[in-house]
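In this chain, numbering begins with 1 at the start of the sequence shown. Atoms considered below: every heavy atom in the structure, side chains included; atoms not considered: hydrogens, waters and symmetry mates. Given the structure is predicted, the values throughout are model-derived calculations rather than measurements.
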Amino acid sequence: MAAGRGERMRPLTDTTPKPLLVVQGRPMIEWHLLALARAGVQEVVINTAWLEEQFPATLGDGSRFGLRLHYSHEGRDHGGALETAGGIAKALPWLAPQGDEVFWVVSGDVLLPGFAFAAQDAETFAASDRVGELWLTPNAPHHPNGDFAITAEGLATSQGGPKLTWASVGLFKPQPFAHILPGTRLALRPILENAIAEGRLGARRWQGRWTDVGRPETLAAVNAEPSLYAAYV
């Protein structure tokens with residue numbers, strides 16, 4: 001997911017989309033691409049809106065990562081970003097061409113060093129009756145109340161606690177998005193709440209590092225950690 005304007009990162013994002021800001025010597029989004037390729041993923045869809053022409057100019061067709069990249073141009077086609085659920089719905093012909101494939105979703109402006117995008121996780125999820133699986137992380141200071149709690153059955157719940165923050169990475173099936181008309185602007189939260197009500201949204205805790213690169217000072221701080229991605233190059 002790479003379509004956002006990145007208001008909190010201004011003025012850096014006035015001229016560069018936030019996922020293309022450099023972290024540890026690479027555009028931030030490249031760390032996800034490398035991890036996905038390492039996990040055996042072959043095709044990746046990048047949704048774009050703000051300064052979207054910079055993405056194919058920077059990342060190309062994906063061959064240098066061992067991937068095939070598709071660009072879902074929300075700005076060109078719809079005049080602006082469609083939010084997360086709307087962005088997924090527009091990209092479904094690539095994400096699930098047969099109508100039943102599972103796919104990873106990850107935000108282009110978070111850092112997840114060590115997250116494996118494990119094929120076994122995708123296979124287990126595909127065989128389940130769940131329509132989504134979220135990875136949750138301890139709450140950051142700017143989001144102290146969190147998003148969801150995890151039940152004893154490994155399901156997400158918006159009731160009770162303690163709540164954790166969605167790490168902006170998860171697995172999904174196409175069914176919750178199939179009814180959304182391409183071009184519709186729609187947030188993901190209502191989709192997740194529907195899945196929770198049906199008892200079909202899984203959740204697990206991510207024990208590794210997670211950083212929401214939301215402000216210029218955060219970007220400067222992670223770039224001051226030369227070992228952040230050293231083990232994953």
**Q** Linking I/L/V/M/F/W/Y whenever any side-chain heavy atoms sit under 4.5 Å apart, do L186 and I196 land together?
**A** yes
**Q** For a quick test of reading the model, state the closest non-hydrogen atom pair linking P27 to T58 and the distance between them.
**A** CG-CG2, 4.1 Å
**Q** State the CE-CD1 distance between M1 and I88, to the nearest 0.5 angstrom.
**A** 5.0 Å
**Q** Are any side-chain N or O atoms of S128 and backbone N or O atoms of R130, one a donor and one an acceptor, separated by less than 3.5 Å?
**A** yes
**Q** Counting only N and O atoms by type, is there a donor-acceptor contact under 3.5 Å from the side chain of E133 to the main-chain atoms of L171?
**A** no
**Q** What is the minimum heavy-atom distance between I29 and A2, and which atoms define it?
**A** CD1-CB, 4.2 Å
**Q** Ignoring hydrogens, what is the shortest heavy-atom contact between V222 and R209? Give both atom names and the distance.
**A** CG1-NH2, 4.1 Å
**Q** Among L201, T84, D147, which residue satisfies the side-chain contact (heavy atoms from CB on, under 4.5 Å) criterion with L192?
**A** L201
**Q** Could you grab the distance from atom CG of L136 to atom CZ of R204, nearest 0.5 Å is fine?
**A** 10.5 Å
**Q** Let me see the working for V106 and F117 under side-chain contact (heavy atoms from CB on, under 4.5 Å), right down to the final yes or no.
**A** CA-CA 10 Å; V106 61; F117 297 97; 4.2 Å; yes
**Q** Taking only Lys NZ, Arg NE, NH1 and NH2, and the carboxylate oxygens of Asp or Glu, determine whether D109 and R8 approach each other closer than 4.0 Å.
**A** no
**Q** May I ask you to test the L36-F65 pair for a side-chain heavy-atom distance under 4.5 Å?
**A** no
**Q** On the 0 to 90° scale, with breaks at 30° and 60°, tag the H73-Y71 ring pair as parallel, tilted or perpendicular.
**A** parallel
**Q** side-chain contact (heavy atoms from CB on, under 4.5 Å) for V110 and H32? Distances and angles first, verdict last.
**A** CA-CA 9 Å; V110 299; H32 290 327; 4.0 Å; yes
**Q** Looking at E83 and R189, is there a salt bridge between them, counting it only when a charged N and a carboxylate O are closer than 4.0 Å?
**A** no
**Q** Using atom types as modelled and distance alone, determine if a side-chain donor or acceptor of T13 lies under 3.5 Å from a backbone N or O of G6.
**A** yes
**Q** Can you tell me how far apart CZ (R215) and CG (L12) are? Round to the nearest 0.5 Å.
**A** 12.5 Å
**Q** Check the hydrophobic clustering (I, L, V, M, F, W, Y; side-chain heavy atoms under 4.5 Å; chains of links allowed) and say if L67 and F103 are grouped together.
**A** no
**Q** Would you kindly confirm whether L188 and V131 end up in one hydrophobic cluster when ILVMFWY residues are joined by side chain heavy atoms under 4.5 Å apart?
**A** no
**Q** With rounding to the nearest 0.5 Å, note down the distance linking NZ in K18 to CH2 in W50.
**A** 13.5 Å
**Q** Are the side chain of E74 and the backbone of N47 linked by a donor-acceptor contact shorter than 3.5 Å?
**A** no
**Q** So, does E30 use its side chain to make a donor-acceptor pair with the main chain of G25 at under 3.5 Å?
**A** no
**Q** To check you understand the geometry: which heavy-atom pair defines the closest contact between L111 and P113, and what is its length?
**A** C-CD, 3.5 Å
**Q** Show me the side-chain donor-acceptor pairs of residues 89-102 shorter than 3.5 Å, one per line, residues at least two apart or across chains.
**A**
{"unit_1": "K90", "atom_1": "NZ", "unit_2": "D77", "atom_2": "OD2", "d": "2.9"}
{"unit_1": "K90", "atom_1": "NZ", "unit_2": "H78", "atom_2": "NE2", "d": "3.4"}
{"unit_1": "W94", "atom_1": "NE1", "unit_2": "H70", "atom_2": "ND1", "d": "3.4"}
{"unit_1": "E101", "atom_1": "OE1", "unit_2": "Q98", "atom_2": "N", "d": "3.1"}
{"unit_1": "E101", "atom_1": "OE1", "unit_2": "G99", "atom_2": "N", "d": "3.3"}
{"unit_1": "E101", "atom_1": "OE2", "unit_2": "Q98", "atom_2": "N", "d": "3.0"}

**Q** Answer yes or no: is there a donor N or O on one side and an acceptor on the other, between the side chain of Q24 and the main chain of E225, under 3.5 Å?
**A** yes
**Q** Quick check: is W210 connected to M9 through a chain of hydrophobic side chains (ILVMFWY, heavy atoms under 4.5 Å apart)?
**A** yes
**Q** D212 side chain to T218 main-chain N or O, any donor-acceptor pair under 3.5 Å?
**A** no
**Q** What donor-acceptor contacts under 3.5 angstrom involve side-chain atoms of residues 159-167, with partners at least two apart or in another chain?
**A**
{"unit_1": "K163", "atom_1": "NZ", "unit_2": "S158", "atom_2": "O", "d": "2.9"}
{"unit_1": "T165", "atom_1": "OG1", "unit_2": "N139", "atom_2": "OD1", "d": "2.7"}
{"unit_1": "W166", "atom_1": "NE1", "unit_2": "V169", "atom_2": "O", "d": "2.8"}

**Q** If you measure from CH2 on W135 to CG on L112, what distance do you get to the nearest 0.5 Å?
**A** 11.0 Å
**Q** Can you tell me if E217 has over 12 outside heavy atoms packed within less than 6.0 Å of its CD?
**A** yes
**Q** Between atom CZ of R38 and atom CG of L33, what is the distance when rounded to the nearest 0.5 Å?
**A** 11.0 Å
**Q** Shared ILVMFWY cluster between F125 and F115, side chains joined below 4.5 angstrom?
**A** yes
**Q** Walk me through whether R5 and R10 qualify under side-chain contact (heavy atoms from CB on, under 4.5 Å).
**A** CA-CA 9 Å; R5 171 67 177 81; R10 296 183 69 185; 3.4 Å; yes
